[in-house]
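Right, one structure below, let's go through it.
Throughout, numbering of the chain's residues begins at 1 and tracks the sequence. Computed from heavy atoms alone, side chains included, the values below leave out hydrogens, waters and symmetry copies. Please read all numbers here as calculations on a predicted model, not as lab measurements.
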Amino acid sequence: MLRNSKESFGLISILLHWIIGLVFIGQIALGYLMVRVSDFTLQFNLYQWHKSFGFLVLGLSTLRLLWKSANLRPRDPATLSPLERVAAHGAHVILYLSLFVVPLTGWAIASSSPLRIPTFMFDLVVIPSLPIAISDSAEAFWSASHAWLAYLSAAVAMLHILAALHHHFWKRDTILLRMLAPGAVRNGGRHAT
């Protein structure tokens, strides 16, 4: 089942969710590592990989948003309280915004840097710079914005993961199951023990 149903997500939504999520979390780790490496050549390569995966996240997130708008959203299990629904909606809004804002601020860093180092996306294509001011202060602003937004996004992603695990193991509802395999949820509610 490629498309979403009333009870669970379809294969396309599931694949986009997990691929983007894993790459995004990997980007947090790579971003943390690349600024702590002393070998210049390795650091340059890590930066290029980080920028490449950032553009991948941006492209896949655009595809995901388009796919989301063309599909119905599975209904929430009846076990969700009104507060949980509001919290889940808020977390999803923050995460979706992060999938765009964090890579865009990264692109702004590369575009505003006086060093003018081109971005070679996966060594296939050079990504043009954004039409923004080039200066040390602009680069510092975008660098700080990118880092703070990335760490905030990582914190919200961690809460998202913990909430899904809480629902699966503690509340025993179908929140996590419907994002694991198409058609895994048939009648909503709670899953078997």
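If you chain together hydrophobic residues whose side chains sit under 4.5 Å apart, L66 and V93 never meet in one group. Put simply, F120 and V125 are part of two different groups of oily side chains (I, L, V, M, F, W, Y) that touch within less than 4.5 Å, one to the next. Hydrophobic clustering, with ILVMFWY side chains joined whenever heavy atoms are under 4.5 angstrom apart, groups M121 together with L30. In the hydrophobic clustering of ILVMFWY residues, with side-chain heavy atoms under 4.5 Å counting as a link, I14 and I19 come out apart. Hydrophobic cluster membership differs between V23 and M179, with clusters built from Ile, Leu, Val, Met, Phe, Trp and Tyr side chains linked at under 4.5 angstrom.
Counting only heavy atoms from C-beta outward, the side chains of F55 and F122 never approach each other to under 4.5 Å. For the pair S8 and M1, the minimum side-chain heavy-atom distance is below 4.5 Å. Contact of the Y47 side chain with the T119 side chain is not registered, since no non-hydrogen atoms from C-beta on lie closer than 4.5 Å. The side-chain heavy atoms of I25 and I161, taken from C-beta on, include a pair separated by under 4.5 Å. Annotation: side chain of F9 is not in contact with side chain of N71 (no heavy-atom distance under 4.5 Å). With contacts defined as side-chain heavy-atom distances shorter than 4.5 Å, the pair Y96/R64 qualifies. Counting heavy atoms from C-beta outward, I134 and S113 have side chains that stay 4.5 Å or more apart. Two residues are said to be in side-chain contact when any heavy atoms from C-beta on lie closer than 4.5 Å; I94 and S153 fail this criterion.
Judged by distance alone, the side chain of Q48 and the main-chain N or O of P118 form a donor-acceptor pair under 3.5 Å. Listed for the Q27 side chain is a donor-acceptor partner under 3.5 Å among the backbone atoms of H50. A donor-acceptor pair under 3.5 Å links the side-chain atoms of S111 to the main chain of L130, judged by distance alone. Formation of a donor-acceptor pair under 3.5 Å by the W67 side chain with backbone atoms of R3 is not found in this model.
Among pairs with a residue in residues 69-95, those fulfilling ring pair (Phe, Tyr, Trp, His ring centres under 6.0 Å) read H92-H160, at least two apart in sequence or across chains.
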Is there a side chain to side chain contact (heavy atoms under 4.5 Å, CB included) between W170 and L165 once you walk through the steps? CA-CA 8 Å; W170 182 264; L165 293 173; over 6 Å; no
Could you go through L56 and I20, starting from their C-alpha distance and side-chain angles, then the distance that decides it, and tell me whether this counts as side chain to side chain contact (heavy atoms under 4.5 Å, CB included)? CA-CA 9 Å; L56 180 64; I20 293 169; over 6 Å; no
Under the criterion ring pair (Phe, Tyr, Trp, His ring centres under 6.0 Å), I'd like the reasoning laid out for F53 against F24: C-alpha separation, chi angles, the key distance, then a yes or no. CA-CA 8 Å; F53 281 112; F24 194 81; over 10 Å; no
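The minimum heavy-atom distance between P114 and S135, with the atom names listed, is CG-C, 3.7 Å. Looking at every heavy atom in both residues, G54 comes nearest to P103 through O-CB, 3.6 Å. Here the shortest heavy-atom pairing between R116 and S129 reads NH2-OG, 3.4 Å. Heavy atoms only, all atoms of each residue included: K171 and T79 are closest at NZ-O, 3.1 Å.
The structure places CG of L95 at 6.5 Å from CG of L99, a figure rounded to the nearest 0.5 Å. One distance of note links CG of L177 with NE2 of H167; it measures 12.5 Å at 0.5 Å rounding. If you take CG on L176 and CG on L180, they are separated by 4.0 Å, rounding to the nearest 0.5 Å. Atom OG1 of T105 and atom CZ of F141 lie 9.5 Å apart (nearest 0.5 Å). The line from CG of N4 to CG of L11 is 10.5 Å long, rounded to the nearest 0.5 Å. Between atom CZ of residue R36 and atom CD of residue Q43 there is a gap of 11.0 Å, rounded to the nearest 0.5 Å.
In this structure, W142 places its CH2 atom where only 12 or fewer heavy-atom neighbours from other residues, nucleotides or ligands lie under 6.0 Å away. For Y32, the OH atom counts as loosely surrounded, since its 6.0 Å shell holds 12 or fewer non-hydrogen atoms of other residues, nucleotides or ligands. Counting non-hydrogen atoms of other residues, nucleotides and ligands closer than 6.0 Å to CH2 of W49 gives a total of 12 or fewer.
Under a 4.5 Å side-chain heavy-atom cut-off, the cluster of Ile, Leu, Val, Met, Phe, Trp and Tyr residues that includes L72 has no other member.
For the 3.5 Å distance criterion, the side chains of S112 and E139 fail to qualify, holding no donor opposite an acceptor.
Salt bridge D173/R178: absent, no basic N to carboxylate O contact under 4.0 Å.
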